[in-house]
Amino acid sequence: MPTDTPYEEDLQAAPSGEPPCDLTELGFTERFRALFEPLAAEGFVPGRVSRVDRGLPLVLTEEGPVRAEPAAHLRETADGPMAVGDWVALAVPEGHDVTIVEAILPRSSAFTRKDPGEQAIGQVIAANIDTVFVVQALAPNGPNLSRLERELVLAWESGAIPAVVLTKADLCPDPDALRDEVAAVALGVEIHLTSAVTGAGVDELHDHIEPGQTVAFFGASGVGKSTLLNSLMGDEVQETAEVREYDGKGRHTTVAREMFFLPEGGILIDTPGMRALALWEAEEGLASAFPDIEELADGCRFGDCTHTREPGCAVRAAVETGELPERRLESYVRLTEELRRVAERQDVRARAEKKKADKVLHREIKRFHKERGR
Ligand code: GDP
Ligand code: ZN
């Protein structure tokens, strides 16, 4: 494995913490080993993408980090199709000193959102995550339950296990009461109360992360993700808002997704503050995040009840009796509607692409006949 790539300066900049050289500690599970077997037989080397800069992945291998280039067949989109956390197969073509990513292994989980710049494209933010920490601040305004519901839909949809982390407990007179409010919304999800100031709850989180496991942080800007990351790392690895404001920019500048390595094992992935938190193909995530409504819906008269105006709706009946908070149903209906629109736009895109393909085919048939006629 050559380490002399043309991107020396990038190699020096990353990654944060001491990356393990042991593949198991990097999260190379039995599943990935089995998937990789045929690739190993062909002489490829396994590695995990720890960050992506301008489409170029930094890949961690048994020999250490290496800057690689995606093979031409993988270079479909401007961003590169690779995400932080991906397991890849590396090749070193003879006569070149550049390591090439030849293949991306099928993901065990993927955190995806709708690309903010595109109408019908999904964007993978982090791959092969075991746990998603959905982070919300208890202060100054208390947790945002509607946002949390949306975040949990995305977290469930990823295929990873969500956990809620409530920060800034020190600024809050009754954190336990707020925790109960959150528990009513985050059904079947562990909830952790933390404070970066007193250190409360941080050990509990530590226990949650085992060597070889990958945890992604997810939440709005300012909720305390960077601070939490630093507490877990026991070090200043990620600039917090205070530092950022000091340099006069006053806005969130954590754009790069990056891996951090806990001293006692475990991998953390920071995601940028996501303002445009649009859903993307999350029907299953929606069902997992709203098991209460899914269960009630079994009692609706119509199988495709939207719980808005149909007669014999068991969900609306539960709202009437106070069993189900109205706000909860409103969230569900809003998110369902949003998913329907995403699906519609995808259909439009698929139709447009088919039309284009048809046109090309038509042209080729014409050319074929013309050439034969000559
Ligand atoms: P991020 O945008 O999610 O990464 O948020 P930051 O980690 O940059 O934190 C935003 C602000 O909240 C900073 O001023 C932190 O010092 C502050 N903060 C974060 N966690 C806590 C906490 O547990 N208690 C208190 N009092 N402040 C916190
Ligand atoms: Zn209904």
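Numbering of ligands and ligand atoms starts at 1, following listing order. What you see is a predicted model, and the numbers here were worked out from it, not measured in a lab.
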Checklist entry - Heavy atoms only: which of T194, L138, T227 is nearest to atom 9 (O) of ligand 1? => result T227
Checklist outcome for this item: Heavy-atom proximity to atom 10 (C) of ligand 1 ranks first, among G201, G222, A200, for G222
Item to check | Name of the H307 atom (N/O/S only) found closest to the Zn ion (ligand 2) | outcome: ND1
Item to check | Numbered atoms of ligand 1 (with element) below 4.0 Å of V223, judged on heavy atoms | outcome: 3 (O), 5 (O)
Checklist entry - Which of the numbered atoms in ligand 1 are below 4.0 angstrom from a heavy atom of S221? => result 2 (O)
Checklist entry - Of the choices L229, T198, D170, T167, which has the non-hydrogen atom that lies closest to atom 25 (C) of ligand 1? => result D170
Next on the checklist: Would a single hydrophobic cluster contain both V202 and L268, if residues Ile, Leu, Val, Met, Phe, Trp and Tyr are joined by side-chain heavy-atom contacts under 4.5 Å?
Outcome noted: yes
Checklist entry - Only one of H307, R327, E294 forms a side chain to side chain donor-acceptor pair (under 3.5 Å) with Y332, so which one is it? => result E294
Next on the checklist: So if I count the atoms of ligand 1 from 1 in the order they appear, which ones are less than 4.0 Å from some heavy atom of L171?
Outcome noted: 26 (N)
Item to check | For V197, the ligand 1 atoms whose distance to one of its heavy atoms is below 4.0 Å | outcome: 24 (N), 25 (C), 26 (N)
Item to check | Proximity of A169 to ligand 1 by residue part, where a heavy atom lies under 4.0 Å | outcome: neither
Checklist outcome for this item: One finds that the ligand 1 atoms under 4.0 Å from a non-hydrogen atom of A220 are 3 (O)
Checklist entry - Do T336 and L286 touch side chain to side chain, with heavy atoms closer than 4.5 Å? => result yes
Next on the checklist: Between R107 (side chain only) and A127 (backbone N and O only), is there a donor and an acceptor less than 3.5 Å apart?
Outcome noted: no
Checklist entry - Does ligand 1 have any atom that is closer than 4.0 Å to a heavy atom of G219? => result no
Checklist entry - Hey, are the side chains of L90 and V101 touching, using non-hydrogen atoms and a 4.5 Å cut-off? => result yes
Checklist outcome for this item: Candidates S231, S226, A196; heavy atom nearest atom 23 (O) of ligand 1 found on A196
Item to check | Over 12 foreign heavy atoms within 6.0 Å of CD, E204 | outcome: yes
Checklist entry - Do W87 and S108 come within less than 4.5 Å of each other through their side chains, counting heavy atoms only? => result no
Next on the checklist: Using side-chain heavy atoms (C-beta onward) and a distance below 4.5 Å, is R334 in contact with E337?
Outcome noted: no
